[in-house]
Q: 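Below you'll find the structure I mean.
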Amino acid sequence: MKKTPDKGAALDHVLYEIEMLTHALFVLVNPNVVGHDRNAWIEVFAIHARNLNECFSGAVSGKAYMRPFDFVVWNFPYQFDSQIACRASAQVAHLTYDREVPGEKTPWLIDKMFEPLRKASLRFLEQVVCVESLMSFQRNHERCKALLEFLPRIEFK
């Protein structure tokens with residue numbers, strides 16, 4: 001049985017995905033984060049990037065999946081990134097034989113993966129922050145404002 005979602009509560013989950021992606025990137029741009037710590041943060045990045053990639057593209061067609069047009073009028077031309085979806089699923093989310101051999105791992109190009117997600121996230125946040133009925137749930141307004149401030153500040157060197 002499908003639950004009738006409270007849109008403000010549902011938005012809380014989308015904001016969480018953006019927050020975790022943002023937090024992972026703030027850690028990953030630090031060159032002192034290495035080894036297992038770096039791997040753990042890459043996995044955080046990969047899972048949340050995959051979830052947002054699916055959300056913004058509307059590529060997953062299940063009734064329970066959240067999409068931006070569930071919250072706002074969405075006409076942003078986001079292109080589903082199959083590299084994020086496949087790699088995060090095969091090498092992080094699922095224990096598959098497609099995982100790379102240690103020592104021969106392909107670097108995660110987090111900056112290139114992140115840029116389209118940043119643009120879509122910013123557009124989504126700019127629109128959703130104006131919908132008062134969504135902002136009244138817990139701290140949605142405060143979180144949207146913080147993300148709108150932090151997302152543009154992530155830099156890769």
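Only a predicted model underlies this, so the values are computations on that prediction, with no experimental measurement involved.
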Q: Does the S89 side chain pair with the main chain of C86, one donor and one acceptor, at a distance under 3.5 Å?
A: no
Q: In terms of hydrophobic clustering (I, L, V, M, F, W, Y; side-chain heavy atoms under 4.5 Å; direct or indirect links), are L52 and I47 co-clustered?
A: yes
Q: Are any non-hydrogen side-chain atoms of F71 and L11 less than 4.5 angstrom apart?
A: yes
Q: Going by the rule salt bridge (charged side-chain N to carboxylate O under 4.0 Å, His left out), which residues pair with R87 if we only count those two or more places apart in sequence or in a different chain?
A: E100
Q: Contact between L21 and F114 at the side-chain level, heavy atoms closer than 4.5 Å - yes or no?
A: yes
Q: How would you list, by chain and number, every residue that makes a ring pair (Phe, Tyr, Trp, His ring centres under 6.0 Å) with F76, sequence neighbours excluded?
A: W74
Q: Check whether any side-chain N or O of D70 sits under 3.5 Å from a backbone N or O of R67 as a donor-acceptor pair, and report yes or no.
A: yes
Q: Using a 4.5 Å cut-off on heavy atoms from C-beta on, say whether the side chain of C144 contacts that of M135.
A: yes
Q: Is it the case that atom OH in Y16 sees more than 12 heavy atoms from other parts of the structure closer than 6.0 Å?
A: no
Q: In Å and rounded to the nearest 0.5 Å, what is the CG to CG distance from L134 to D12?
A: 11.5 Å
Q: Per the side chain to side chain donor-acceptor pair (under 3.5 Å) rule, what does the pair list look like for residues 108-117, sequence neighbours excluded?
A: E115-R118
Q: Answer yes or no: is there a side-chain heavy-atom contact under 4.5 Å between M113 and N53?
A: no
Q: What pairs of residues pass the side chain to side chain donor-acceptor pair (under 3.5 Å) test when at least one of them lies in residues 34-49, not counting sequence neighbours?
A: E17-H48
Q: Does anything in residues 126-140 pair up under side chain to side chain donor-acceptor pair (under 3.5 Å), and if so which pairs, sequence neighbours excluded?
A: R139-E142
Q: Could you work out, with side chain to side chain contact (heavy atoms under 4.5 Å, CB included) as the rule, every residue matching A90, not counting sequence neighbours?
A: T96, D98
Q: With a 4.5 Å heavy-atom cut-off, do V44 and V27 have their side chains touching?
A: no
Q: Within the supplied structure, the quantity of interest is the number of heavy atoms (other residues, nucleotides, ligands) at a distance under 6.0 Å from K119 NZ; does it exceed 12?
A: no
Q: What I'd like to find out is whether the side chain of L125 reaches to under 4.5 Å of the side chain of L151, using heavy atoms alone.
A: yes
